[in-house]
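For reference, the structure discussed in these notes is given below.
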Amino acid sequence: MIHPDNWKQQLKQRLRCAEDFHPYFTLRDDEKKFFSESELHDSFAVAVTPYYLSLADPQDPRDPVRNQFMPSAKEFEIKEYESYDPLSEKQCEVAPGLIHRYRNRVLLRVTNLCAVYCRHCYRRGFQSPPYDTINGERLDKVLSFLSSNSGIDELLLSGGDPLILDDEKVLHIIDAVRSLKKKLIIRLCTRIPVVLPQRITRVLCRELKKRTPLWIVTQFNHRQEITDQSTRALSFLTDAGFPVLNQTVLLKGINDSEEELYKLFSNLVILHVKPYYLFQGDLAAGTSHFRVSLEQGLALYRRLKVSLSGITLPFYAVDLPDGGGKVLLTESSIIKKDGKWYCIKNYEGKSYYYPAEK
Ligand code: SF4
């Protein structure tokens, strides 16, 4: 028997294989095929918390929550332009797990563990076993980089999901970097408010509050994910004074309609969460079934710009392949459509290519 508020029990009792899912869902053929053939492929881990599973309608095989956690054999289809490191993070790694792409900020992957393995994840290439979490030696290397690079004024704590770690570990990492730079802006990037909201406790928020400036960045992709529990988790965070930003991934068959995104963003603003980015799908291996074409994404965003207010409308953006970095997507940022490719200029004026097909 799981106590619904016990996050550690939720983690322990995650569902991971076809047998775990059978009591809840009749598996579709593509889902069955994933489980029967996963060992033949370089497949991405499966795990879902009982809480997140409970948000899916078991009678609806196309449920938008189910499709984010339930694997499909479509993941075995790898397009020639897809990659296990679509943002070329490895190229920008200056210490283990520390990515330095932009002049004044770094991203630190503190673990490769997540509470739920989202099927659309672009970091899937880093999140296979062996599972690991930053240790003292790696943290020392991060601190050494920060102390010799005075221009860094922002650190993104990412993963995996940093909040899968217990309070002591998370606070230790924050304290270590904070001891070097008192005014370092920390962005805590986590999907925990969506998939395991019980993890956001008043105790955690009280401790984090002693370690500001700290911003929370989360990922709600569908309004079905806004529940009493996630609302409570968000209120703990906002009551403690943290700005909360949301990054939604544009996902085919899940949220690629004006109506769905309008409702999602409006509901988030009511909860004091700022819709920050709407991301065009990255070119991660085995995720083409989730990608909306750039043409459709631009048309959808044009309509959202008319219907949503300034505080409700996020930026529409893409992380360019081959390490081009993040760019805002507008009709004018796409300089030409060359056969099967869009050519997009990055922040340095360099050209990068994104496929016209999904
Ligand atoms: S929580 Fe984030 S890092 Fe983990 S699988 Fe989901 S999208 Fe990827």
Side-chain angles (χ1 to χ4, degrees), residues 7 10-11 14-16 34 38 42-53 55-56 64-72 75 82-87 89-90 97-99 107-134 156-165 170 187-200 215-222 224-225 230 233-234 244-252 254-255 264 276-287 289-291 317-319 326:
W7 69 272
Q10 285 273 340
L11 279 182
R14 284 179 296 171
L15 297 88
R16 294 175 173 273
F34 175 92
S38 63
D42 207 359
S43 59
F44 185 39
V46 177
V48 59
T49 55
Y51 163 79
Y52 194 57
L53 173 110
L55 309 189
V65 169
R66 171 182 179 150
N67 278 342
Q68 290 183 67
F69 68 73
M70 189 69 97
S72 159
E75 294 175 36
E82 290 181 335
S83 159
Y84 285 94
D85 180 14
L87 310 190
E89 291 191 317
K90 269 276 167 210
L98 187 68
I99 316 299
L107 180 148
L108 177 60
R109 290 198 305 260
V110 296
T111 178
N112 65 355
L113 294 164
C114 295
V116 170
Y117 292 101
C118 315
R119 307 323 297 173
H120 55 274
C121 179
Y122 76 88
R123 288 237 172 87
R124 50 178 42 223
F126 298 104
Q127 282 162 250
S128 307
Y131 292 114
D132 77 326
T133 292
I134 192 166
L156 284 75
L157 280 186
S158 186
D161 199 316
L163 287 185
I164 198 169
L165 308 180
V170 176
R187 270 195 244 179
L188 183 53
C189 306
T190 175
R191 218 179 171 212
I192 285 288
V194 182
V195 298
L196 184 60
Q198 302 80 357
R199 167 72 185 98
I200 308 293
W215 291 56
I216 308 292
V217 183
T218 188
Q219 187 198 123
F220 284 84
N221 290 329
H222 194 276
Q224 225 165 282
E225 297 168 337
S230 60
L234 291 171
V244 182
L245 305 175
N246 187 69
Q247 304 188 152
T248 292
V249 184
L250 182 58
L251 295 168
K252 188 175 183 182
I254 291 176
N255 60 14
L264 172 67
Y276 181 37
Y277 281 119
L278 171 64
F279 275 120
Q280 175 66 22
D282 294 314
L283 304 180
T287 61
H289 54 298
F290 285 118
R291 274 197 300 279
V318 66
D319 260 308
K326 193 177 289 137

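Counting starts at 1 for both ligands and their atoms, in listed order. Heavy-atom basis, side chains included; hydrogens, waters and symmetry copies ignored.
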For Ser83, which residues count as a side chain to side chain donor-acceptor pair (under 3.5 Å) partner, sequence neighbours excluded?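 Checked Ser83 against side chain to side chain donor-acceptor pair (under 3.5 Å); zero matches.
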With Ser158 via side chain to side chain donor-acceptor pair (under 3.5 Å) - residues at least two apart: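 If we apply the side chain to side chain donor-acceptor pair (under 3.5 Å) test to Ser158, skipping adjacent residues, the hits are Arg123.
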Derivation and outcome, side-chain contact (heavy atoms from CB on, under 4.5 Å), residues Val217 and Thr190: CA-CA 6 Å; Val217 183; Thr190 175; over 6 Å; no
Please identify each residue that fulfils salt bridge (charged side-chain N to carboxylate O under 4.0 Å, His left out) with Arg119, with sequence neighbours left out.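 With neighbours one apart ignored, the set is Glu75.
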Does any donor atom in the side chain of Gln68 or Asn221 lie under 3.5 Å from an acceptor atom in the other side chain?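 A donor-acceptor contact under 3.5 Å links the two side chains.
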Ignoring hydrogens and angles, state whether a donor on the side chain of Tyr52 or Glu225 is under 3.5 Å from an acceptor on the partner side chain.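 Glu225 and Tyr52 do have a side-chain donor-acceptor pair below 3.5 Å.
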With a 4.0 Å cut-off, strictly under, does atom 2 (Fe) of ligand 1 pick up any protein heavy atom?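 No.
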Under 2.8 Å from atom 6 (Fe) of ligand 1, how many protein N/O/S atoms do you get? Just the number, please.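 If we list every protein N, O or S atom nearer than 2.8 Å to atom 6 (Fe) of ligand 1, we get 1.
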